[in-house]
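If you're wondering where the values come from, they're calculated on a predicted model, not measured in any experiment.
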Amino acid sequence: MDNVTIARLLDETAALLEIDAADPFRIRSYRRAAEAVEQQTQQLAEIAQDPKALLAIPGIGKGMAANVRDLVATGSMPLRDELLTKYRPTMLDLLRLPGMGPKTVALLWSALEISDIDALEAAAKAGHLAKLPRFGQKLIDKIAKGIEDYRKNSGRFRIDDADETAARIAALILEFPGIDTVTPAGSLRRGRETVGDLDLLVTGPACEPDIVSAAVEHVAGLPLISQVIAKGQNKVSFLMRNNLQVDVRLLPRATYGAALQYFTGSKMHNVSLRQRAIKQGFTLSEYGLARLDDNAIVAGATEADVYAALGLDYIAPELRENCGEIEAAATYTLPALITRADIRGDVHMHTTATDGADTILAMAEAALARGYGYIAITDHSKNLAMTNGLDDARALEHVRQIRAVDQEMNGRIRVFPGIEVDILLDGSLDLEDSTLAEMDVVVASIHSHFGLPAEQQTERILRALGNPYLRILGHPTGRILLRREPYAFDLDKVLRKASALGVAVEHNASPARADLNDRNLRLAKELGCRISVNTDAHSTDELDKMRFGITQLRRAWLSPSDVLNTLEADAFLAALRPRP
DNA sequence: GCCGTTTTCGGCCCGACTGTTTTCAGTCG
């Protein structure tokens, strides 16, 4: 049983406990344990026998360690089995409907034996719901709408899509006079790969409490709104036509920092922070950090003020997942995180020679404009026929053209010849060694042969890693965004061998193609892998996706020294060569 | 169920909005 499954079962148990009206703190401990398990780089199934190893994980104590051992050994655990005799796992679907909480789900079950969405819909249509206490027509309508939306779109939104939507909404909000700042908060600001909804914080002179209502009306009347869900004194929640929910809060400047801190989350980070505040004699809310004895606000204008007043270094939003960042900030041991400015080159991109939209020269100019010192052009090889992949002859001609552009740039930016090769079933690369020898950067892609059994897939990749010309392994970590099924291969084995051979692993910066999550990136670092972050750009615009890749590296606590392409051109090329 | 520079027991974060209510429970973030 892998960590993701263990985490899911613990989380499911938490939800069932909630429906069972159990002690809220006990429920929280299950949720906290689930999150901790999901973040572990080590597979719990492998260390479950070692009692100390499990207890070393924050949030896992004696009871939870026993639960984990049971899950690994039997696939379930006593408490979960007991709850499943009283309730159904499909109730978790009900909890995802807006306005549906544990109390309502419990009521539906005890009164009408409703345990899934189909039954709920049928009961609503048959008029059974109206007989229940607290069920007015409005609530019943809300449930019907919720079911409809759930069926239409129950997924999360990719960070780049959410980012673009946020920018569009922000521009419209900023048209209102007296509004000067719109900041995305929530999981978008923390850089999660996907976001469930959008949190936008707004401030400016028009957001002072006595006059804010006019600005609230402006937001509630934005043209791209499909439906307003809630509207309060300083808050508007609405749905976009694509069903993305947006929460906008309009807040006075004096407490904007506290609000930003609060609404950036994560929830567990905030809980820990507020516990710390109480221990130090403060109470922390979205309105500021206040002294417990006289309610005087001591910090709130900026986030840095709030953290400083609690004796903490400033914590970057990407780190706020309650994974040790507060402890590190308290001891001044947070890492110096990598920034966009640290990246000196992007060495994975395509041109019109295969499936790219722009020429070699256009890509070089665009990279130069973004401040890079070097790029590598890595078009596809022949096995990816649908991309017009290059055979040996065309690949060699392409190298000549790339070198010509390199000359033309006259040292303003270096342009390295490269190729993105395909790995064949027997683990060989699909071009001749003599062709590969002409390339400075050889990226091997592992994204084909989806259907191969995991063991064979792993074997195929491990063999490819032995190719002396291979420089970078692309798509290395076994997870594709928004795809239910992960690639089937042994990630740990692949990373271990890549590390031993000195083959770099690539973190694909483009959210559309990205496959490394922060847990996997941490594992790569722990195993001593060299890591390269590249956009896999298919047009000049896509070079800007680099910032999303950087965000993911920051979430994994990576510093500039952990990443290869923070090096300047010559040093980068030298470092790319496999270890002797 | 977890956790401990006030601890092995007794704590465990905070406020707003909604809908159905005559003072509040439930949900949400």
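- Residue Pro133(A) is out of contact with every strand shown, counting any heavy-atom pair closer than 4.0 Å.
- Put simply, CG on Asn234(A) is 8 Å from C1' on dA16(B), counting in whole angstrom units.
- Near DNA chain B, meaning a heavy atom under 4.0 Å from it, residues 287-300 of chain A has Tyr287(A) in order of number.
- Put simply, Ser237(A) has no side-chain N or O that comes within less than 4.0 Å of OP1 or OP2 on dC28(B).
- Atom name C1', nucleotides dG11(B) and dC17(B): the rounded distance is 29 Å, in whole Å.
- The side chain of Arg26(A) lies closest to dG1(B), out of dC12(B), dT27(B), dG1(B).
- In this structure, Arg134(A) reaches the sugar-phosphate backbone alone: every heavy-atom distance under 4.0 Å involves primed, P, OP1 or OP2 atoms, never a base.
- Applying the side-chain hydrogen bond (donor to acceptor under 3.5 Å, both in side chains) test to pairs two or more places apart or on separate chains, those with a residue in residues 83-94 of chain A are Asp20(A)-Lys86(A), Asp20(A)-Tyr87(A), Asp93(A)-Arg96(A).
- Distance, Glu18(A) CD to dG1(B) C1': 15 Å, rounded to whole Å.
- A salt bridge is absent between Arg547(A) and Asp160(A); no separation between the charged side-chain nitrogens and carboxylate oxygens falls under 4.0 Å.
- Within the structure, a side-chain polar atom (N or O) of Thr104(A) is placed less than 4.0 Å from OP1 or OP2 of dT27(B).
- The main-chain N or O of Leu44(A) is found under 3.5 Å from a side-chain atom of Asn3(A) such that the two form a donor-acceptor pair.
- Judged by distance alone, with hydrogens and angles left aside, the side-chain atoms of Asp342(A) form a donor-acceptor pair with the main-chain N or O of Thr339(A) at under 3.5 Å.
- For the pair Lys231(A) NZ and dG19(B) P, the computed distance is 13 Å after rounding to whole Å.
- Taking atom CD1 on Ile229(A) and atom C1' on dG29(B), their separation rounds to 13 Å, with Å as the unit.
- Under the 4.0 Å criterion applied to side-chain N and carboxylate O atoms, Arg253(A) and Asp180(A) are assigned as salt-bridge partners.
- Closest-nucleotide positions on DNA chain B for Ala230(A) and Pro98(A) were compared, and the one nearer the 5' end corresponds to Ala230(A).
- Protein atom CG of Asp247(A) is 12 Å distant from nucleotide atom C1' of dA16(B), rounded to whole Å.
- Pro24(A) comes within contact range of no nucleotide atom at all, as no heavy-atom separation falls under 4.0 Å.
- Nucleotides dC3(B) and dT8(B), compared at atom C1', are 9 Å apart to the nearest Å.
- Closest to the side chain of Lys138(A), out of dC14(B), dG26(B), dG19(B), is dG19(B).
- Across all strands, Gln280(A) comes closer than 4.0 Å to no nucleic acid atom at all (heavy-atom distances).
- Among the heavy atoms of the strands lying under 4.0 Å from Leu97(A) are primed sugar atoms or P, OP1, OP2 only; no base atom is included.
- For the C1' atoms, the distance linking dG26(B) with dT20(B) amounts to 11 Å, nearest Å.
- Taking the nucleotide of DNA chain B with the nearest heavy atom to each of Glu286(A) and Pro58(A), the more 5' of the two is matched to Pro58(A).
- Within residues 105-120 of chain A, no residue is approached by DNA chain B to less than 4.0 Å at the level of any non-hydrogen atom.
- Between the side chain of Lys267(A) and the base of dG29(B) there is at least one donor-acceptor pair of N/O atoms closer than 3.5 Å.
- Remark: side-chain polar atoms of Thr104(A) are not paired, donor with acceptor, to backbone N or O of Met100(A) under 3.5 angstrom.
- A heavy-atom distance below 4.5 Å is found between the side chains of Val236(A) and Lys231(A).
- For a distance-only test at 3.5 Å, the side chain of Tyr262(A) qualifies as a donor-acceptor partner of the base of dG29(B).
- Counting any heavy atom pair closer than 4.0 Å across all strands shown, Leu284(A) reaches sugar-phosphate atoms only and no base atom.
- Separation of the P atoms belonging to dT5(B) and dG1(B) is 23 Å when rounded to the nearest angstrom.
- For dT8(B), there is no paired base (Watson-Crick or G-U wobble, both distances below 3.5 Å).
- The CD1 atom of Ile19(A) sits 10 Å away from the P atom of dT27(B) (whole-angstrom rounding).
- Rounded to an integer number of Å, the gap from Ile27(A) CD1 to dC28(B) C1' is 16 Å.
- Here dC14(B) is the nucleotide among dC14(B), dC12(B), dG1(B) with the atom lying nearest to any side-chain atom of Ser285(A).
- In the set dG1(B), dG29(B), dC14(B), dG1(B) carries the atom at the smallest distance from any side-chain atom of Ser29(A).
- Among the atoms of the strands shown, only primed sugar atoms or phosphate atoms (P, OP1, OP2) are found under 4.0 Å from some heavy atom of Ile278(A).
- Relative to the side chain of Leu139(A), the nucleotides dT20(B), dC2(B), dG29(B) differ in distance, and dT20(B) lies closest.
- Using a distance-only test at 3.5 Å, with no hydrogens or angles considered, no donor-acceptor pair links the side chain of Thr74(A) to the main chain of Leu71(A).
- At a threshold of 4.0 angstrom between heavy atoms, the contacts of Lys142(A) with the nucleic acid are absent.
- At the heavy-atom level, Asp23(A) lies under 4.0 Å from base atoms of the strands shown.
- Of the candidates dG29(B), dC12(B), dC17(B), the closest approach to any side-chain atom of Phe25(A) belongs to dC12(B).
- Put simply, the side chain of Glu18(A) does not reach to within 4.5 Å of the side chain of Val105(A), judged on heavy atoms.
- Of the possible polar contacts, one joining the Glu303(A) side chain to the Gln261(A) backbone as a donor-acceptor pair under 3.5 Å is found.
- Under a 3.5 Å cut-off, the side chain of Glu321(A) and the backbone N or O of His269(A) do not form any donor-acceptor pair.
- A gap of 30 Å separates the C1' atoms of dA16(B) and dG10(B), to the nearest Å.
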So Glu38(A) and Arg519(A), salt bridge (charged side-chain N to carboxylate O under 4.0 Å, His left out) or not? Walk me through it.
-> CA-CA 8 Å; Glu38(A) 198 162 18; Arg519(A) 179 263 177 194; over 6 Å; no
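- One atom, CE of Met100(A), and another, P of dC28(B), lie 10 Å apart when rounded to the nearest Å.
- Residue contacts for Asp197(A): at a heavy-atom cut-off of 4.0 Å it reaches the sugar-phosphate backbone alone, with no base atom in range.
- Between Lys267(A) and Glu35(A) no salt bridge is recorded (no basic side-chain N to carboxylate O distance below 4.0 Å).
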